[in-house]
Every structure is written in C-alpha cells, then in structure tokens.
Amino acid sequence: MQYIYSWFRRHPTLVDAGWAALLFLLCLLQIGTDRPDDGHVVRGSLVVCSVVLCVLVAVRRRRPDLAVLLGILVGLAQVALHWDPNTADVALLILAYTGAAFSRTWVSRVTLAISFASGPLTWFRFGDGNPHDRQNALWFSLFTGLLFSTPFILCWVLGRFTRIRRAYYVELEDRAARLERERDAQSKIAVAAERARIARELHDVVAHNVSVMIVQADGASYVMDGSPEQAKQALATIASTGRQALEEMRRLLGLLRSADTAGEYVPQPGVEQLPELLEQVRNAGMPVAFRVDGEPRDLPRGVELTAYRIVQEALTNARKHGGPQTSATVRIRFDDRGLDMLIEDNGRGASAELARDGGEDGFGHGLIGMRERVGMVGGTLDAGPRPGGGFRINAVLPLTPSRRPAAAGAVSDAVSDAVPTEAPAPAGPLS
C-alpha cells in the first residue's frame, strides 16, 4: 500500500489525468441522458467546454497559473453565454484549490476574489430572485449568492492549508539538512581538536622519554670501561624507558587510526603517577625535590592529566636546556582557589621572548602546549627566566569539591612517598 501511495506521489500528472478522464466520462453521460432534446450546437458547446475543463484539470500541476486563469475565463464565459451549470463545473472547484495550493501569490488572490464573486454572479444570472420583487430582496439575493460561493471558498481555504503545510515540510527538511551540515562541521572540529591533543600527548611522550634515553646513553658510554655495573644499570633504564615510550606511542597512534578501540587503552596519567615520573628523572641524573602543601584532594580528570603533563614538560625542558649540574624543585599547593604548581630549575634557562612566543623547529613548542592545556581547563600559566638564573613555571589549575575522600587519601599517600630526604633544588616561594 505504501508503495502504491509513493508511486502516486511521484507521478501527480498521471493521477490528475485519471481524474480528468473520469470527470469527462461523467460529463458525456450527463449530456447524453439529461439533455437529449438540445440542439447539436448546444450539445457540442457543452462537450467542448467539458473537454477544456478536463484538460485543465489534467495539467493543473504542471502549469498551475495558466490552468487557473483559463478556468476563470471558462467560468465567466458560461455565465455570459447563459450556459446552465453542469458536471464539468466540478473542475472549477478543483482549479480553485489549485490556485491557492500551487499558483503564484497574485493568481491565488485573484482566485479568492473570483471564488467570492462566483456565487452572486451565478445567483443573479440563473436564480429566481429579483431585487425589485419585494423589500430586502437585494440583501436576500446577496446572502444566497454568498452561500453559493461557499464551495469555492472552502476549496480555496483547503488549498491554502496545503500550501502552508508544504512550506512547513520544506522548512523542516531545510532545517534537518542544515543541522546535519552543522553536525558534520562540529564532528570535523572535534576530530581536529582531538588530533591536536594527541599530537601534544605524543610530543610530551617522545620529548621526555627520548631525553632520558639520551642522558642514560651518554652516561653509559662514559662509564663503560671504568664501571660496567653502572653502564649496565643505565642500559636497563634505557630499555625500560624505551618500552614505556613505545607503549604510549602505540596507544596514541592507535587513537589516530580508530576511535572504536579507545576503551581498550590504559588510563591517562595523573597526579598519582608523579612519584614515578620524578624517580625516572632522578635516575636520569637530575636531582628533583618534591613538596606538597595543603591537603591533597580529588581532582578532575582533565586537571590531573594537565598537571602531570606540565611537570613532565617542565622537567624535560630543564634537562634538555638547563646544562650540567642542573637541579629542580616541584612544589604543589592545594588551596580553595585551585591547584598551584611551581616548577623551578637552576640551569641556563631561556629568554623571555622564547618563553612568550615559542621557537622554530620545535624549540619552545612545549611551552605553547602547556598554555593550551592550561587554557582548556580554565587555568593560568606564567613561565619565564628566574631572577637568580634558571627557569620557572607557575600554573594555577581550578579544582572542584572533593567527592571521593578515598581517592584524595590515595593522592596524599602517593605524594608523601615521593618527598626525598634531601632537596638539592633551589629554594623559592610559591608565586
């Protein structure tokens, strides 16, 4: 049934032609049975009028304006020539509907005006009432004429509703298409943002682990002859760091290949993994002191990842650009306004221009990534050379109220285990 309805919707002209043929048969039946005594001229005129009106019904959707205007002329000709109403005049009701549903605005208005006038014209032309017969006969004739106009007006109103409904459906389709385009654009933006985030993650992983491996490889080559045990330990650290870097790179590159397997990857690092990170840096040969002020509390996942990556990038930069005998300190303070992080080193540092604008060929891009990460969680970042030498990074990240006290206790235990007995890094107040 739905298939048949769809076929009719796709071929409206054939449907109209079928109705026009049925109407023409009814007209021939009326002419042959109701008017057998009329002359050949009258009967021929009625046949011609029926043919014209039925053809207009058949082509009303292809040429609605022309069909409606010709139908109005045929109806006025019937009144002028005093042709009695017949079955073919049903086509005039269909054309009144067509004028409101498919024609231009001015044709629709003309159709409405003719619909109002059709009843009075028919009454005064064919009716029995005469305005001079009795008192108030004119008003009676006008009222009766308007009653005769009712079928045409109702057909016009039905056509108007059809036009409004069709315009509403078109608007809905346009809105759905627009929303689909916007959804596709948002998806592309989300994909681009995710790829940028993954690129920052990959930069952090590669820069940190490769710098550790380089330092360990240099140390191993230096003590290879004099202290084979230390060289062996350095090589073991290189292998462990390389496996960790390879695992994280596989995870991040897997995200680029497919989003369907994202749930299979390990969780992102957070504050609880900072002790492992600091121990890795110490094993690479750079002393790091770690201090926690305030009561540790639960952190949003995005803030945890941002804090971990800032510390990782800051220590990587200190190891790469600080020079020999560089030491660092990492201080974290929990307070009501957020997580205050201060990472300082006593190395050569960098210029204020590099800290503000970044550099070329990847040099300084880690600071740009820090600013993007901090901006994504609504925090602030201040990076630049220290007055007494070295480099400092101060980041303030917003917090949410603690909802998992047990998790906060785990954070507290993790960071308390990371505080060393000696702190070789330079002292400095939190900004």
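Quick note: numbers below take in every heavy atom, side chains included, and nothing from hydrogens, waters or symmetry partners. Quick caveat: nothing in here was measured; it's all calculated off a predicted structure.
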With no hydrogens and no angle check, is any side-chain donor or acceptor of [X] less than 3.5 Å from a backbone partner on [Y]?
{"X": "Asp89", "Y": "Asn86", "result": "yes"}
{"X": "Arg63", "Y": "Leu66", "result": "no"}
{"X": "Asn283", "Y": "Glu279", "result": "yes"}
{"X": "Arg163", "Y": "Ala100", "result": "yes"}
{"X": "Ser149", "Y": "Ala117", "result": "no"}
{"X": "Asn394", "Y": "Met341", "result": "yes"}
{"X": "Ser108", "Y": "Arg104", "result": "no"}
{"X": "Ser118", "Y": "Ser115", "result": "yes"}
{"X": "Arg160", "Y": "Ala101", "result": "no"}

Next on the checklist: Does any part of the side chain of Val396, heavy atoms only, come nearer than 4.5 Å to the side chain of Leu339, both counted from C-beta?
Outcome noted: no
Going by atom types only, do [X] and [Y] share a side-chain donor-acceptor pair under 3.5 Å?
{"X": "Arg309", "Y": "Gln312", "value": "yes"}
{"X": "Asp345", "Y": "Asn317", "value": "no"}
{"X": "Thr329", "Y": "Glu344", "value": "no"}

To the nearest 0.5 Å, how far apart are [atom1] in [X] and [atom2] in [Y]?
{"X": "Phe102", "Y": "Arg62", "atom1": "CZ", "atom2": "CZ", "value": "13.5 Å"}
{"X": "Thr111", "Y": "Leu92", "atom1": "OG1", "atom2": "CG", "value": "11.0 Å"}
{"X": "Ile343", "Y": "Ile332", "atom1": "CD1", "atom2": "CD1", "value": "7.5 Å"}

Could you tell me whether [X] and [Y] make a salt bridge, using a distance below 4.0 angstrom between a side-chain N and a carboxylate O?
{"X": "Asp174", "Y": "Arg178", "result": "yes"}
{"X": "Asp293", "Y": "Arg331", "result": "no"}
{"X": "Asp382", "Y": "Arg392", "result": "yes"}

Item to check | CA sep, side-chain torsions, deciding dist, call: Phe391, Arg386, side chain to side chain contact (heavy atoms under 4.5 Å, CB included) | outcome: CA-CA 5 Å; Phe391 201 79; Arg386 296 175 65 240; 5.6 Å; no
